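Owing to the predicted nature of the structure, the values given are computational and were not obtained by experimental measurement. Convention: sequence-line order gives letters A, B, ...; per-chain numbering from 1.
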Number of protein chains: 2
Amino acid sequence: MGDVATHKENLVRTAMRLFRRQGYASTGLQQIVAESGAPKGSLYHYFPSGKEALGEAAVTLAGGLVREMLEAHAVKHADPSAFLRAYARTMAGWMADSDFRSGCPVATTLLETAPASPTITAAGAQAIDGWIEVIGGVFERAGVEPREARTKAQLVVAAMEGALLLARVRRSTRPILDVAKLA
Amino acid sequence: MGDVATHKENLVRTAMRLFRRQGYASTGLQQIVAESGAPKGSLYHYFPSGKEALGEAAVTLAGGLVREMLEAHAVKHADPSAFLRAYARTMAGWMADSDFRSGCPVATTLLETAPASPTITAAGAQAIDGWIEVIGGVFERAGVEPREARTKAQLVVAAMEGALLLARVRRSTRPILDVAKLA
DNA sequence: TCGATTATGACGATCGGTCTACATGTGGCA
DNA sequence: TGCCACATGTAGACCGATCGTCATAATCGA
């Protein structure tokens with residue numbers, strides 16, 4: 001038998017990477033299986049509901065990675081302005097590293113599946129809520145009222161998602177870095 | 001012979017509508033042809049380069065429609081804050097009318113094709129630049145310095161695009177309406 | 001050793017975008 | 001006017017890829 005954890009994990013990681021670059025619908029299961037190195041037939045063993053389950057897992061994984069990044073910046077920067085700058089710099093770095101070809105894996109997949117796929121939509125909503133929670137926490141600790149902190153955090157997330165699109169189209173990190181001016 | 005203008009136009013309008021709801025890759029040419037009422041074989045007559053040309057035309061059409069809407073609001077509202085509220089209300093109305101299933105047709109298509117398809121990417125960049133020009137103009141006429149006006153306008157566009165995604169996931173117009181707070 | 005569970009490669013029905021071969025209508029020439 | 005060459009418009013068939021299922025093989029527990 002193959003190594004379950006490795007095969008399953010490779011499948012999800014590869015799916016996340018490809019969805020991010022090519023989109024959800026444009027990425028074939030065949031390509032995911034091939035690039036992950038997992039055996040072809042095993043995909044439906046680990047993910048009985050097929051592509052949708054894979055998409056859900058990829059969104060959840062990506063959401064967690066972004067959240068961890070946000071939390072790391074949050075403990076380092078108490079000042080919202082400094083926090084946003086660090087956040088923006090990180091995202092800009094990811095974008096430049098991919099040569100402006102890979103956006104946010106959560107947004108890319110969600111735009112294509114929400115609300116048609118309830119499970120992916122739910123996974124995406126949970127991921128985004130997590131980000132808003134972390135960002136809102138930074139604002140709150142800086143003295144912003146809880147309700148307004150949450151609204152501002154939501155605005156930051158929206159602006160960042162949009163900025164990632166603009167950055168890809170323009171091949172420039174400028175839109176991403178400008179999000180930091182929201183503080 | 002069929003009515004060229006009508007068939008070609010119907011093709012593009014239908015493509016725009018379907019790309020917006022289902023995404024670019026998920027929408028088949030067959031469905032576009034069927035729902036547009038145009039004859040099946042005529043698609044490659046009007047669009048020799050196939051789906052990509054159709055996507056480019058759809059993006060350009062959608063970009064123009066949004067720009068017209070923005071210009072209509074711009075002549076009515078000199079105050080940036082009032083302008084943004086009107087803009088946000090219109091977008092929120094579109095989103096609610098579609099039962100939270102259709103986002104921005106430009107963003108949806110662009111996220112899936114940029115920068116893989118140069119022609120669609122270019123069409124999208126031009127559309128977005130047009131919006132920024134109009135929004136920036138409102139800020140400028142309110143006394144904001146040209147450079148900063150453009151940056152702010154870009155931020156508004158990014159925030160709106162992101163808000164459209166959040167609205168779909170949450171089934172709520174709140175994220176869209178909150179964009180007006182950027183003034 | 002044997003049964004049960006896990007894992008897998010091959011297969012098939014369907015649909016994808018694209019192209020080629022054929023109607024249809026139009027204008028020039030005798 | 002009668003006929004033909006041409007551009008325009010159209011339908012169907014093409015090949016490849018799609019996702020999902022199946023019968024079979026490998027491994028584990030008793």
Side-chain angles (χ1 to χ4, degrees), chain A residues 1-59 108-109 112-113 116-120, chain B residues 1-59 108-109 111-114 116-121 123:
Chain A
M1 279 194 233
D3 188 331
V4 174
T6 298
H7 280 172
K8 190 170 181 179
E9 198 181 321
N10 279 347
L11 242 12
V12 178
R13 299 190 94 85
T14 306
M16 178 180 72
R17 183 169 50 82
L18 291 176
F19 288 164
R20 195 163 135 179
R21 203 174 62 207
Q22 309 174 344
Y24 177 76
S26 308
T27 302
L29 263 12
Q30 214 166 345
Q31 186 184 11
I32 296 174
V33 167
E35 296 199 13
S36 74
K40 174 155 182 173
S42 70
L43 198 158
Y44 275 78
H45 179 67
Y46 300 122
F47 300 96
S49 16
K51 196 176 188 179
E52 198 174 355
L54 200 50
E56 185 190 344
V59 165
T108 315
T109 305
E112 293 185 57
T113 57
S117 160
T119 64
I120 297 183
Chain B
M1 280 192 233
D3 188 332
V4 175
T6 298
H7 280 171
K8 190 170 180 180
E9 198 181 319
N10 280 346
L11 243 13
V12 178
R13 299 189 93 84
T14 305
M16 177 181 72
R17 184 167 49 83
L18 291 176
F19 289 164
R20 194 163 134 179
R21 204 174 60 207
Q22 310 174 343
Y24 177 78
S26 309
T27 302
L29 262 14
Q30 215 164 347
Q31 186 184 11
I32 296 174
V33 167
E35 295 199 13
S36 75
K40 164 144 182 146
S42 70
L43 198 157
Y44 273 77
H45 178 68
Y46 299 121
F47 299 96
S49 15
K51 196 177 188 178
E52 197 174 357
L54 200 50
E56 184 190 345
V59 165
T108 315
T109 304
L111 254 194
E112 294 184 57
T113 57
S117 160
T119 65
I120 297 184
T121 304

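Out of D/dT10, C/dT6, D/dC19, the shortest distance to the side chain of A/Leu29 is found at D/dC19. Closest approach to the A/Tyr46 side chain among C/dG17, D/dT10, C/dA7 is made by C/dA7 (side chain taken as heavy atoms from C-beta onward). The side chain of A/Lys40 lies closest to C/dC11, out of C/dC11, D/dT10, C/dT18. The side chain of B/Tyr44 has C/dC19 as its nearest neighbour among C/dC19, D/dG20, D/dG9.
Nucleotide C/dG16 holds its P atom 10 Å from the CD1 atom of B/Ile32, rounded to whole Å. Separating the CG atom of A/Leu54 from the C1' atom of D/dT18 is a distance of 15 Å, rounded to the nearest angstrom. Straight-line distance from the CG atom of A/Leu43 to the C1' atom of D/dC19: 10 Å, rounded to whole Å. Between A/Lys51 atom NZ and D/dG20 atom C1' the separation is 12 Å, expressed in whole Å. Atom pair B/Phe47:CZ and D/dG9:C1' shows a separation of 14 Å (rounding to whole Å applied).
Close to D/dT18, at under 4.0 Å from its OP1 or OP2, lies a side-chain N or O of A/Gln30. Contact check, A/His45 against D/dT21: no side-chain N or O comes under 4.0 Å of OP1 or OP2.
With a 4.5 Å cut-off on side-chain heavy atoms, A/Tyr46 and A/Val12 do not count as touching.
Within 4.0 Å (heavy atoms only), A/Thr27 reaches sugar-phosphate atoms of the nucleic acid but no base atom.
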* To do: List the steps and the verdict of side chain to side chain donor-acceptor pair (under 3.5 Å) for A/Glu35 and A/Thr14.
  => CA-CA 7 Å; A/Glu35 296 199 13; A/Thr14 306; over 6 Å; no
* With side chain to side chain contact (heavy atoms under 4.5 Å, CB included) as the test, would you mind laying out the steps for B/Phe47 and B/Glu56 before giving the verdict? => CA-CA 10 Å; B/Phe47 299 96; B/Glu56 184 190 345; over 6 Å; no
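Nearest approach of A/Ile32 to A/Leu11, heavy atoms of both residues: CG2-O, 3.9 Å.
Looking at which nucleotide of DNA chain D each of B/Ala38 and A/Gln31 is closest to, the 5′-most match is held by B/Ala38.
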